[in-house]
Amino acid sequence: MTRRVLITGVSSGIGLAQARAFLENGCAVYGIDKSERPDLAGNFQFLQADLTGNLSQVLDFAPEIDVLCLTAGVLDDYKKHLETTEEEIEQIFATNFFSVTKLVRLYLPQMVERKSGIIITMCSIASFLAGGGGSAYTASKHALAGFTKQLALDYARDGVQVFGIAPGAVQTAMTQADFEPGGLADWVAEETPIGRYTQPLEIAELTLFLASGKAQSMQGEIVRIDGGWGLK
């Protein structure tokens, strides 16, 4: 049977790399993004939607899935708390946290019923450390890490595997400002022990492994892929 994978944030960056990797491995991919449909061939279906809005159409779009990749996320310009409005905090949490809890609520019942399913959240080094984002982003990613671990604990005996992936600096459209003149790209690369940004394909390859069923004894792990940043 063809494995069915739903990926949020599919139009660029990590989500796009994940979609390509799953398609190349013969999976059916359902992608969601508020941006336009990405240029992907094969068994790919696309829904243009804002994850902070009404998600009632998602189940009609992808009625049953085997793997849920909750990849969509937004940054907060590294703002300190007094520089961040309450509305900005709510917007960051709406994408980075509450869209995740809502999508899990849609698909978890079917996974529990059939005693199988894999959920992969996109955490961050900001799930563990300060400095990976600003006040809102770091708080949202800490919340996501806690949700990931609790979900894994609560549904392990139901056959549902839950993982988090915690990237450091990844070269994507979301971090494009770092690569503009005067940006942080050179400094971040120098401060990262491996001396460079992680590439989206590297995240996608880790995702494939976690979704492969070969990690049966891993549950609730949030796997860092940060070029060694967390070692410092």
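Taking both residues in full, the closest heavy atoms of Gly213 and Ile118 are given as N-CD1, 4.5 Å, listed atom of the first, atom of the second, then distance. Residue Ala126 comes nearest to Gly133 through the heavy atom pair CB-N, 4.4 Å, listed as atom of the first residue, atom of the second, then distance. Annotation for Gln171 and Gln199: closest pair OE1-NE2, 3.1 Å, computed over non-hydrogen atoms. Nearest heavy atoms, Leu40 versus Ala19: CD1-CB, 3.7 Å. Ala166 approaches Ile222 most closely through the heavy-atom pair CB-CG2, 3.8 Å. Across every non-hydrogen atom of Ile165 and Pro167, the tightest pair is O-CD, 3.3 Å.
His81 NE2 to Glu88 CD: the interatomic distance, rounded to the nearest 0.5 Å, is 11.0 Å. For the atom pair CD1 of Ile32 and SG of Cys69, the computed distance is 11.5 Å after rounding to the nearest 0.5 Å. With values rounded to the nearest 0.5 angstrom, Thr8 atom OG1 is found 5.0 Å from Leu70 atom CG. Atom CG of Leu23 is separated from atom CZ of Arg20 by 10.0 Å, given to the nearest 0.5 angstrom. Interatomic distance, Trp229 CH2 to Thr192 OG1, rounded to the nearest 0.5 Å: 5.0 Å. One finds the CD1 atom of Ile7 at 11.5 Å from the CD1 atom of Ile14 (value rounded to the nearest 0.5 Å).
For Gln110, the side chain to side chain donor-acceptor pair (under 3.5 Å) partners two or more places apart in sequence, or in a different chain, are Arg114. Scanning for side-chain contact (heavy atoms from CB on, under 4.5 Å) contacts around Gln48 gives Glu36, Phe46, with sequence neighbours left out. Annotation: side-chain contact (heavy atoms from CB on, under 4.5 Å) contacts of Ser217 (sequence neighbours excluded): none. A search for side-chain contact (heavy atoms from CB on, under 4.5 Å) contacts involving Thr2 returns Ala28, Asn43, not counting sequence neighbours. In this view, Tyr155 and Leu108, Val112, Leu151, Asp158, Val160 satisfy the side-chain contact (heavy atoms from CB on, under 4.5 Å) rule, not counting sequence neighbours.
Under a hydrophobic-cluster definition in which Ile, Leu, Val, Met, Phe, Trp and Tyr are linked whenever side-chain heavy atoms come within less than 4.5 Å, directly or via other members, Leu47 and Phe44 are assigned to different clusters. Using a 4.5 Å cut-off between side-chain heavy atoms of Ile, Leu, Val, Met, Phe, Trp and Tyr, with links allowed through other members, Ile65 and Val10 fall into different hydrophobic clusters. Under the 4.5 Å side-chain heavy-atom criterion for Ile, Leu, Val, Met, Phe, Trp and Tyr, Val58 and Phe97 are members of the same hydrophobic cluster. In the hydrophobic cluster analysis, where Ile, Leu, Val, Met, Phe, Trp and Tyr join through side-chain heavy atoms closer than 4.5 angstrom, Val100 is grouped together with Ile89. Leu59 and Leu55 fall within a single hydrophobic cluster, where Ile, Leu, Val, Met, Phe, Trp and Tyr side chains are chained together by heavy-atom contacts under 4.5 Å.
Side-chain atoms of Asp76 come within 3.5 Å of backbone atoms of Tyr137 as a donor-acceptor pair (strictly under, hydrogens ignored). Panel note: side chain Asp77, backbone Lys79; no donor-acceptor pair is recorded below 3.5 Å. The backbone N or O of Val162 lies less than 3.5 Å from a partner atom in the side chain of Gln219, making a donor-acceptor pair. Checked by atom type and distance alone, the side chain of Ser127 never pairs as donor or acceptor with a backbone atom of Cys123 at under 3.5 Å. The main-chain N or O of Arg3 is never found under 3.5 Å from a side-chain atom of Asp66 such that the two would form a donor-acceptor pair.
Residues Gln18 and Thr71 bring a donor and an acceptor atom of their side chains to less than 3.5 Å of each other. Side-chain contact annotation: Thr84 with Ser135, donor-acceptor N/O pair under 3.5 Å absent.
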- Query: Stepwise, does the side chain to side chain contact (heavy atoms under 4.5 Å, CB included) test hold for Phe147 with Thr101?
  - Reply: CA-CA 8 Å; Phe147 177 72; Thr101 66; 3.9 Å; yes

- Item | Stepwise side chain to side chain contact (heavy atoms under 4.5 Å, CB included) check, Glu221 with Met218 | CA-CA 6 Å; Glu221 289 298 319; Met218 289 177 65; 4.0 Å; yes

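Counting only residues at least two apart or on different chains, no ring pair (Phe, Tyr, Trp, His ring centres under 6.0 Å) pair has a member in residues 199-219.
The pair Lys232-Glu191 meets the salt-bridge criterion, with a side-chain N (NZ, NE, NH1 or NH2) lying under 4.0 Å from an Asp/Glu carboxylate O. Remark: Arg196 engages Glu202 in a salt bridge, criterion side-chain N to carboxylate O under 4.0 Å.
Taking the six-membered ring where tryptophan is involved, the planes of Phe93 and Phe98 are tilted, since the angle between them lies from 30° to 60°.
The local environment of CG in Asp39 is sparse, with at most 12 non-hydrogen atoms from other residues, nucleotides or ligands closer than 6.0 Å.
A 4.5 Å side-chain heavy-atom check between Val29 and Arg4 finds every atom pair outside the cut-off. At a threshold of 4.5 Å between non-hydrogen side-chain atoms, the residues Val5 and Tyr30 do not count as touching.
Of the candidates Asn96, Leu68, Thr148, Thr148 is the only one forming a side chain to side chain contact (heavy atoms under 4.5 Å, CB included) with Thr121.
For the pair Arg224 and Phe128, the distance from NZ or CZ to the six-membered ring centre is under 6.0 Å and the angle to the ring normal is within 45 degrees.
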